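Remarks on the structure that follows.
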Amino acid sequence: MSFLDLSGLRKSYGANAVVKSFDLTVEKGEFVSLLGPSGCGKTTVLRMVAGFETPSAGTVRIDGQEVTGLKPNQRNIGMVFQAYALFPNLTVAQNVAFGLKIKGMPAGETRDRVADMLRLIGLPEMGSRYPFQLSGGQQQRVALARALAPQPRVLLLDEPLSALDAKIRVSLRAELREIQQKLGITTIFVTHDQEEALSISDRVVVMNAGLAEQVGTPFQVYNQPRTRFVASFVGTLNTVEAQVLDAGAGRLAIHGAAVQMAVPPGTRGKVQLALRPEAVHLGYGVDGDVVLPATITAVEFMGSVIRVRAACADRIMALDTFNRPDTPPPVVGAAVSLSFKPRDLILLEG
Amino acid sequence: MRRFWSWSIVGLGVVYFFLPLVGMLEFSLKMRRGAYSLDAYASVLADARFRATFGYSAVMAALTIVLGVLIVVPTVFWVRLKLPKLRPVIEFITLLPLVIPPIVIVFGYIRLFNTSSWLPLTGSTLGSDILLMIGYSVLSLPYMYRAVDTGLAAIDVRTLTEAAQSLGAGWATVLARVILPNVLVAVLSGAFLTFAIVIGEYVFAALLDRPAFGPYLVWAGGNKAYEPAALAVMTFALTWACMALIQLATRFSRHTRMQPK
């Protein structure tokens with residue numbers, strides 16, 4: 001049996017169903033991210049796990065115990081919020097000790113545990129400071145220590161990095177993952193940032209309009225998106241329309257160019273295919289590649305990577321090439337050929 | 001030139017406000033013929049009725065503050081957290097004591113809680129004191145509510161509450177250990193305003209026949225010459241001391257220098 005089991009979760013406000021039907025099982029020690037755009041229901045799912053929202057239907061089980069009807073303070077769940085939510089009247093040490101005192105832990109043990117937690121987050125000397133004396137990144141570390149101190153069964157992270165600047169965000173997410181792995185705590189992480197979700201998760205749940213569109217490892221979600229939404233939300237995506245010539249033989253045509261790829265038997269007419277920018281190349285490629293004529297419309301120099309946009313028939317295709325110090329980037333307006341391998345094409349379901 | 005006129009208008013305002021006070025202060029010091037003295041103040045302080053009425057009103061003010069805090073803090077907290085749509089209604093209710101004259105309220109009380117009613121509070125000293133305390137709480141409601149509401153607006157009530165709950169805190173703990181300490185300055189502001197209102201209140205105390213400071217002030221005004229001026233100066237000083245304490249509490253509250261929500 002899974003450690004955390006969300007079954008048939010639904011949340012409606014009147015006629016508006018924010019979460020339609022959500023099922024997820026999480027193993028002990030697993031780090032799962034709920035990824036999706038604003039309003040997709042990811043935070044509502046998290047809040048139902050925490051007990052701040054009562055599900056309209058469905059159950060939440062933690063370690064075999066049904067907690068759906070329990071109050072938030074009876075669930076033994078740690079939560080970190082986007083807005084830090086440190087108690088401003090308490091020092092860092094008092095904040096971390098808050099949950100321990102409520103649990104009735106003796107003063108000596110509490111002191112030791114607080115010291116351990118502050119060492120864990122790399123702020124052992126900050127115990128006597130007040131939250132207003134800390135930077136955003138430090139405050140969020142303290143919030144993490146406070147959530148972890150009472151040894152919760154599950155750790156819930158509600159966009160904890162969103163309020164931080166880019167550099168701190170990257171370093172803190174690595175720290176977050178390291179701490180999570182060190183403690184082996186089951187964690188659910190809500191984010192709308194795909195890079196964040198892909199970089200630190202064991203599995204990613206891509207949500208859209210109150211439903212989980214795909215659940216899989218970051219590699220699966222990125223490389224084998226099941227729906228058009230997942231493909232477009234996770235990473236940049238080129239969509240290409242293809243005409244099925246012979247489904248059985250796997251023969252398709254993209255803008256007149258013949259393509260050989262497997263499609264479900266009986267598929268007819270037009271299908272939508274997806275292609276990642278890194279799978280498209282400038283030039284003719286090798287035998288067997290699909291080659292399409294195009295005109296460069298934009299060039300974005302991003303350091304190690306150069307993103308090129310090219311008009312190809314009625315669409316704009318994006319492609320990524322690595323920067324080479326000895327080769328200048330392509331010029332806007334140049335006529336080029338785009339090539340890609342048929343095996344990199346992804347057939348979209350929805 | 002514009003600066004000159006600006007300062008002139010400020011100066012006029014200061015003179016308009018302070019001149020009567022200076023006059024009153026000067027008069028209060030003239031009890032001894034031909035010399036300034038503190039005789040009027042000594043006379044007031046030596047009066048047993050002054051000490052008794054002031055002590056009574058101070059105790060009533062303290063009890064009113066406790067009752068006000070017990071009613072207002074959980075109410076504002078709950079309205080902000082769970083019933084935000086009710087906020088305009090609650091605000092309207094809290095403003096009613098400003099538009100309904102105290103005499104109407106106290107007559108209502110007397111009619112409802114007289115000795116032949118189902119709850120004869122006016123029939124005993126304790127009952128009248130309770131009624132007076134409740135009346136004072138109603139009078140101070142607009143000030144206490146606004147002070148606490150402003151205090152709660154400065155913190156992220158929902159997230160702090162949820163953070164505390166996720167750490168195992170129940171509602172009472174959330175209120176006592178998270179919310180109240182973070183709105184303490186606001187509560188103190190409300191408390192000092194309440195104290196200032198209760199100390200000088202006349203209508204409730206007089207009609208409920210309680211030995212409060214307000215009726216004493218009126219009695220002294222009708223029966224003595226210099227002492228009422230001394231009493232007025234003392235009352236002013238007390239009110240200003242309350243205001244200064246509000247400022248002091250704000251300054252010494254370290255955590256209020258937190259970043260906005």
Side-chain angles (χ1 to χ4, degrees), chain A residues 43 46-47 49-53 70-92 94-105 128-136 139 142-143 145-158 163, chain B residues 69 73-74 76-78 80-86 147-148 150-189 191 248-261:
Chain A
T43 297
L46 196 81
R47 292 175 63 79
V49 177
F52 298 131
E53 300 283 353
L70 293 184
K71 292 175 184 168
N73 58 333
Q74 297 168 331
R75 295 192 181 198
N76 193 16
I77 279 175
M79 187 150 175
V80 177
F81 300 83
Q82 182 183 344
Y84 318 138
L86 294 179
F87 306 129
N89 58 311
L90 303 181
T91 62
V92 165
Q94 288 167 337
N95 262 283
V96 178
F98 188 89
L100 304 173
K101 280 187 179 170
I102 286 174
K103 270 191 161 181
M105 187 181 269
S128 58
R129 295 214 184 165
Y130 279 89
F132 76 87
Q133 295 170 311
L134 305 179
S135 69
Q139 287 193 52
V142 176
R146 184 182 65 177
L148 291 171
Q151 295 176 306
R153 294 189 288 185
V154 177
L155 178 65
L156 305 177
L157 307 168
D158 186 8
Chain B
V69 171
V73 175
V76 181
F77 169 67
W78 202 251
R80 278 198 166 267
L81 196 67
K82 300 277 182 188
L83 307 163
K85 283 183 183 165
L86 267 188
V148 174
T150 308
L152 280 176
I155 59 170
D156 190 346
V157 176
R158 177 176 294 277
T159 315
L160 288 180
T161 302
E162 289 178 353
Q165 284 180 312
S166 70
L167 292 164
W171 288 114
T173 312
V174 171
L175 263 173
R177 290 175 62 181
V178 176
I179 300 301
L180 197 57
N182 283 301
V183 294
L184 202 56
V185 174
V187 168
L188 279 176
S189 301
L248 215 63
T250 312
R251 188 164 298 179
F252 282 99
S253 174
R254 295 184 68 191
H255 62 269
T256 53
R257 283 176 286 166
M258 60 187 272
Q259 51 284 81
K261 69 173 180 176

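Predicted model only: the values in this text are computed from it and were never measured. Just so it is clear: chains get the letters A, B, ... in the order the sequence lines come, proteins before strands, and each one is counted from 1.
For B:Thr159, the parts lying under 4.5 angstrom from a heavy atom of chain A are both the backbone and the side chain. In this structure, the portion of A:Ala147 lying under 4.5 Å from any heavy atom of chain B is its backbone and not its side chain. A:Pro150 touches chain B through its side chain: at least one heavy atom from C-beta onward sits under 4.5 Å away, while N, CA, C and O do not. Using a 4.5 Å cut-off between heavy atoms, A:Leu86 contacts chain B through its backbone alone, with no side-chain atom that close. Interface remark: A:Ala83 contributes side-chain atoms only to the contact with chain B (heavy atom separation under 4.5 Å). In this structure, chain B has heavy atoms under 4.5 Å from both the backbone and the side chain of A:Arg146. For A:Lys101, the part sitting under 4.5 Å from any heavy atom of chain B is the side chain, from C-beta outward, and nothing else.
To the nearest 0.5 angstrom, A:Phe132 atom CZ is 10.5 Å from A:Gln139 atom CD.
Taking a 6.0 Å sphere around NZ of A:Lys103, one finds it holds more than 12 heavy atoms contributed by other residues, nucleotides or ligands.
Here the closest heavy-atom approach between residue B:Ala153 and residue B:Arg80 is recorded as CB-NH2, 3.3 Å.
Judged by distance alone, with hydrogens and angles left aside, the side-chain atoms of A:Arg129 form no donor-acceptor pair with the main-chain N or O of A:Val92 at under 3.5 Å. A donor-acceptor distance shorter than 3.5 angstrom exists from the side chain of A:Gln94 to the backbone of A:Thr91, with no hydrogens or angles considered.
Using cut-offs of 30° and 60° for the angle between ring planes, the A:Phe81 and A:Phe52 rings count as tilted.
Between chain B and the options A:Asp158, A:Asn76, A:Ile77, heavy-atom pairs under 4.5 Å are most frequent for A:Ile77.
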